[in-house]
Amino acid sequence: MPSVGARLKEITRRLADAGVPSPEADAVALMAHTFKWEPGDVRTAAARDDHWPLDPLDHDLLEARVARRVSREPLQHITGKAFFRNIDLQVGAGVFVPRPETEIVAQAAIDAARAATPGKDGKVRVTDLCAGSGAIGLSIADEVPNAEVSMVEASEGALVYLRINARGMRADVRERTRTLLGDAKRCLHLFEGCADVVVSNPPYIPPDGVPRDVEVREYDPPEALYGMGEDGLDLPRAIIDEAARLLRVGGTLIMEHAENQGAALRAHCERSEFWDGGRTEQDLTGRDRMLIVTRVGV
C-alpha cells in the first residue's frame with residue numbers, strides 16, 4: 001500500500017491532469033475529509049511519509065471521492081461544506097457555492113451594519129436578498145452582535161441549505177436571524193419595518209456569458225447564475241428597485257456584480273430619485289465587484 005505522501009502526490013497529479021485549478025489543496029482536502037483529519041495533519045503525515053492509515057473500505061471511499069473531483073464535481077459538493085469568512089456552511093446540489101470574492105461584499109455589509117444607527121431596541125436590521133446558502137447574511141449576524149438579519153431566497157432547494165445553516169449557528173446568532181421563502185423582486189409584504197442595510201448577491205451573468213469553469217457551469221443552479229436580459233441585469237435592476245422600498249432613508253444597499261457591470265448599475269440608480277452617492281468598489285483582486293448606494297428621501 002502506498003504511503004500517505006505517495007498517495008497525495010498521485011491524487012494531486014490526477015486532479016492536475018483533469019484541469020482542477022488547485023490540485024494539491026483539493027487532494028489534501030479529500031484525504032482529510034476521508035481520514036477525518038485536519039488538512040495540516042495530512043500534510044504532516046505526507047512530509048513524514050507515514051504508512052497508510054485506512055482500511056480497504058476507506059481506500060474505496062477515497063477513490064470514489066477522487067473520481068468525483070476528477071470529473072470536476074465541486075469539492076464542496078463532495079465534502080458537503082464550504083468555508084466563508086468565519087463560518088462553515090453546508091452546501092450541495094441546488095444551492096450556489098459561495099466564492100471567496102464575495103467575502104469582501106460581506107465585509108462591506110458588515111461595515112454598513114456597524115455604522116448604522118440602531119433603533120430604539122438597539123438593533124440594526126439587515127435584509128439579505130437572494131441569500132442562497134446564507135453566506136453573507138449569516139456572516140453579518142455572526143460578526144455584528146446587534147444585527148437582526150432576514151434572509152430571502154426564492155429557490156426551495158437552496159432554502160433547505162439556508163435553513164440548515166441558520167440552525168447550525170450558535171444560539172445568539174440563531175435568535176437574530178430568520179429565513180424566508182420569497183421573490184427578491186417582490187418581497188416588501190414579508191416585512192413590517194424598514195431595513196438599515198440591504199445586501200444582495202443576485203444572479204447577474206448574461207445569457208451569452210456561460211461560465212468556463214465546469215464546476216460553475218454544470219453544478220451551480222442556473223437560477224443562481226443568470227440575471228436575465230441581454231446584459232444579465234434585469235434581475236439586479238429589479239432588486240435595486242425593491243431595495244428602495246425596503247430601506248429606510250439613509251440606509252445602504254450593497255450589491256455584488258460582474259467586473260464590467262458597475263457603470264450600468266450606477267446609471268440605473270442615477271435615474272431614480274431614491275438613490276444617491278452610488279459608487280463601485282473592488283474586490284481583493286482589484287476587479288470591480290459591488291455597487292454601494294444610499295437610500296435618500298424624496
Side-chain angles (χ1 to χ4, degrees), residues 15-16 19-29 39-40 43 72 74-77 79 81-89 91 95-116 126 128-144 147 149 151 165 197-206 209 211-217 219-220 224-225 227 231-233 236 239-240 243 252-266 269 277-294:
L15 296 181
V20 172
S22 52
E24 184 177 5
D26 285 22
V28 169
R43 295 187 184 277
R72 302 295 294 274
L75 176 68
Q76 296 88 346
H77 284 196
T79 63
K81 288 186 178 182
F83 303 103
F84 188 88
R85 293 183 68 88
N86 302 322
I87 60 178
D88 298 346
L89 300 163
V91 295
V95 68
F96 182 79
V97 174
R99 306 293 195 265
E101 56 266 27
T102 302
E103 294 194 11
I104 195 68
V105 179
Q107 183 64 62
I110 288 165
D111 292 342
R114 288 172 174 166
V126 179
D128 180 6
L129 300 178
C130 306
S133 66
I136 297 176
L138 293 176
S139 291
I140 296 168
D142 179 56
E143 299 183 46
V144 185
V149 182
M151 295 170 285
N165 289 325
V197 178
V198 171
V199 62
S200 182
N201 180 13
Y204 52 72
I205 296 176
R212 287 175 291 182
D213 290 343
V214 178
E215 291 87 346
V216 180
R217 184 176 68 245
Y219 290 95
D220 275 331
L225 298 177
D231 59 0
L233 292 178
I239 290 171
I240 289 172
T252 303
L253 167 66
I254 298 103
M255 174 177 282
E256 181 169 331
H257 57 71
E259 61 181 315
N260 61 346
Q261 295 175 329
L265 291 179
R266 290 196 310 274
C269 292
R279 68 186 191 274
T280 301
E281 295 286 346
Q282 290 72 43
D283 60 23
L284 295 178
T285 69
R287 295 180 174 90
D288 286 353
R289 180 56 58 190
M290 75 190 95
L291 168 74
I292 301 180
V293 66
T294 301

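The model shown is predicted, which means the values in this text are computed figures rather than measured ones.
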Open item on the list: D283: which residues meet the side-chain hydrogen bond (donor to acceptor under 3.5 Å, both in side chains) condition with it, sequence neighbours left out?
Closed with: T285, R289
Task: Minimum side-chain heavy-atom gap E24-R43 below 4.5 Å - done: yes
Open item on the list: Is any side-chain heavy atom of S139 closer than 4.5 Å to one of I87?
Closed with: yes
Open item on the list: Quick check: do V149 and L138 have side-chain heavy atoms less than 4.5 Å from each other?
Closed with: no
Open item on the list: Rounded to the nearest 0.5 Å, what separates atom CD1 in I110 from atom CD1 in I136?
Closed with: 9.5 Å
Open item on the list: Tell me the closest heavy-atom pair linking P211 and I205, and the distance in Å.
Closed with: CG-CD1, 3.9 Å
- [ ] Check whether any side-chain heavy atom of P236 lies under 4.5 Å from a side-chain heavy atom of H257, and answer yes or no.
- [x] no
- [ ] Output yes when a side-chain donor or acceptor of R266 lies under 3.5 Å from a complementary backbone atom of R279, and no otherwise.
- [x] no
- [ ] Please report the closest heavy-atom contact between P206 and Q261, naming both atoms and the distance.
- [x] CD-NE2, 4.4 Å
Open item on the list: If you compare all heavy atoms of V198 against all heavy atoms of A243, which two are closest, and at what distance to 0.1 Å?
Closed with: CG1-CB, 4.1 Å
- [ ] Heavy atoms only: give me the nearest L89-S133 pair and the separation to one decimal.
- [x] CD1-OG, 3.6 Å
Task: Spatial distance of atom CD1 (I292) from atom OG1 (T252) [nearest 0.5 Å] - done: 8.0 Å
TODO: Measure the CG-CD1 distance between L253 and I240 for me, rounded to the nearest 0.5 Å.
DONE: 6.0 Å
Task: Lys/Arg-Asp/Glu bridge criterion (N-O < 4.0 Å) met for D220, R99 - done: yes
Open item on the list: A side-chain contact here means heavy atoms from C-beta on lying under 4.5 Å apart; do E101 and L284 qualify?
Closed with: no
Task: Atom pair CG/CD1 of N201 and I239 - distance to nearest 0.5 Å - done: 9.5 Å
- [ ] Identify the two heavy atoms, one from A147 and one from I140, that lie closest to each other, and give their separation to 0.1 Å.
- [x] CB-CG2, 4.2 Å
Open item on the list: Treating S200 as the side-chain partner and L129 as the backbone partner, does any N or O pair qualify as donor plus acceptor under 3.5 Å?
Closed with: yes
Task: Non-hydrogen atoms of L15 and P23 that approach each other most closely - done: CD1-O, 3.4 Å
Task: Pairs where residues 102-115 contributes a residue and the test side chain to side chain donor-acceptor pair (under 3.5 Å) is met, not counting sequence neighbours - done: R85-Q107, T102-E256, Q107-D111
